[in-house]
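Accompanying notes for the structure given below.
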Amino acid sequence: MAMAVVLGALLAVPALAGWGDFLKDLKLPAAGSGSSLSDGDIASGLKEALSVGADRAVTTVSKSGGYLDNPEIRIPLPGAVEKAEGILRAVGYGPEIDAFESSMNRAAEKAAPEAKPLFMDAVKEMTFADARQILNGGDNAATLYFKEKTSGRLTEIFKPLVHDSMTQVGATRQYQAIEAKASTLPFAGSLNMDLDQYVTEKALDGLFVMLGKEEALIRQNPVARTTDLLKKVFGP
């Protein structure tokens with residue numbers, strides 16, 4: 001019965017609430033409090049809340065412009081290209097540089113949905129000890145949990161996806177053209193780099209930034225509880 005109450009409350013929360021209300025307001029039942037919510041119920045409620053938040057973060061970065069139009073996570077030109085940018089623009093390669101930067105971000109947006117299953121797996125594997133640590137931890141405890149559980153596998157999965165995405169949107173071709181042009185210019189320097197690795201790392205950095213923003217909003221500016229049921233289940 002308690003589980004039904006928790007899930008019913010979760011389903012009653014508007015999507016904009018994200019996981020915010022839960023991390024901020026969910027209270028572990030005190031000993032002797034007579035609460036009908038068990039440790040398992042609390043952990044299950046938190047898992048559901050984290051699933052909602054992770055889903056929202058992935059959806060945000062996956063949409064068109066999710067990286068490109070967000071200054072906080074937009075993937076910038078690689079350092080070697082950035083150093084040569086002035087020279088390349090001076091010889092008329094400005095449009096190619098702009099197209100290259102745009103296509104890197106579009107590639108990240110195309111790859112991002114693949115993060116969702118891994119986040120969901122991390123939530124399913126969460127123990128009650130993990131739930132306690134997240135609830136009682138620092139402002140980024142949930143983000144750190146996801147990072148620890150998914151970073152390695154995400155990198156393995158993302159890199160070939162990013163490679164394919166960059167081929168599809170033209171980033172690799174544009175980079176090769178810029179690299180070839182730079183090699184003919186004095187003082188442009190070498191642009192030789194692992195472009196797939198660079199975009200993969202920046203794409204994942206941006207994804208975790210968005211998870212962190214969700215969590216910060218949750219802990220610092222919780223959306224008001226919207227129903228009496230939520231007030232009953234998630235604290236006084």
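Being a predicted model, the structure only gives us computed values, none of them experimental.
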**Request:** Find the distance between CD (Glu72) and CG (Asp205) and round it off to the nearest 0.5 Å.
**Result:** 13.5 Å
**Message:** Would you say that Pro76 contacts Glu82 through its side chain, given a criterion of any heavy-atom pair below 4.5 Å between the two side chains?
**Reply:** no
Report all side-chain donor-acceptor pairs from residues 107-121 shorter than 3.5 Å, counting only partners two or more places apart or in another chain.
from: Glu109; atom 1: OE1; to: Gly65; atom 2: N; distance (Å): 3.3
from: Glu109; atom 1: OE2; to: Gly65; atom 2: N; distance (Å): 3.4
from: Glu109; atom 1: OE2; to: Gly66; atom 2: N; distance (Å): 3.2
from: Glu109; atom 1: OE2; to: Tyr67; atom 2: N; distance (Å): 3.0
from: Glu109; atom 1: OE2; to: Leu68; atom 2: N; distance (Å): 3.1
from: Lys110; atom 1: NZ; to: Gln168; atom 2: OE1; distance (Å): 3.3
from: Lys116; atom 1: NZ; to: Asp55; atom 2: OD1; distance (Å): 2.7

**Which atom of Thr150 lies closest to which atom of Ala122, heavy atoms considered** = CG2-CB, 4.0 Å
**Asked** Are Thr127 and Asp130 close enough that a side-chain donor and a side-chain acceptor fall under 3.5 Å?
**Response** yes
**Prompt:** CZ/Phe208 to OG/Ser151 distance, rounded to the nearest 0.5 angstrom?
**Reply:** 4.0 Å
**Request:** With side chain to side chain contact (heavy atoms under 4.5 Å, CB included) as the test, would you mind laying out the steps for Leu211 and Lys147 before giving the verdict?
**Result:** CA-CA 10 Å; Leu211 279 169; Lys147 216 171 203 180; over 6 Å; no
**Prompt:** If you round to the nearest 0.5 Å, how far is OG1 of Thr200 from NE2 of His163?
**Reply:** 10.5 Å
**Request:** Could you tell me the separation between the CE atom of Met210 and the CG atom of Asn70, rounded to the nearest 0.5 Å?
**Result:** 5.5 Å
**Message:** Closer than 3.5 angstrom, by distance alone: can the side chain of Tyr198 be matched with the main-chain N or O of Gly79 as a donor-acceptor pair?
**Reply:** no
**Message:** Side-chain heavy atoms nearer than 4.5 Å, only ILVMFWY residues, links allowed to pass through others: does that put Val169 and Leu77 together?
**Reply:** no
**Message:** What I want to find out is whether Lys159 reaches Asp194 closely enough, with some N-O distance under 4.0 Å, to be called a salt bridge.
**Reply:** yes
**Asked** Is Tyr145 linked to Val209 within one hydrophobic cluster, defined over Ile, Leu, Val, Met, Phe, Trp and Tyr using a side-chain heavy-atom separation of less than 4.5 Å?
**Response** yes
**Complete:** Distance col, row Arg56:CZ vs Lys213:NZ, nearest 0.5 angstrom, shows 11.5 Å
**Prompt:** How long is the span from the CG atom in Asp196 to the OG1 atom in Thr167, to the nearest 0.5 Å?
**Reply:** 7.5 Å
**side chain to side chain donor-acceptor pair (under 3.5 Å) involving Glu156 - partner list, sequence neighbours excluded** = Arg153
**Asked** Same cluster for Val58 and Leu144 if Ile/Leu/Val/Met/Phe/Trp/Tyr side chains link at under 4.5 Å?
**Response** no
Donor-acceptor pairs under 3.5 Å, side chain of residues 91-101 to any protein atom, not counting sequence neighbours: which ones?
from: Asp98; atom 1: OD1; to: Arg89; atom 2: NH2; distance (Å): 2.7
from: Glu101; atom 1: OE2; to: Arg74; atom 2: NE; distance (Å): 3.3

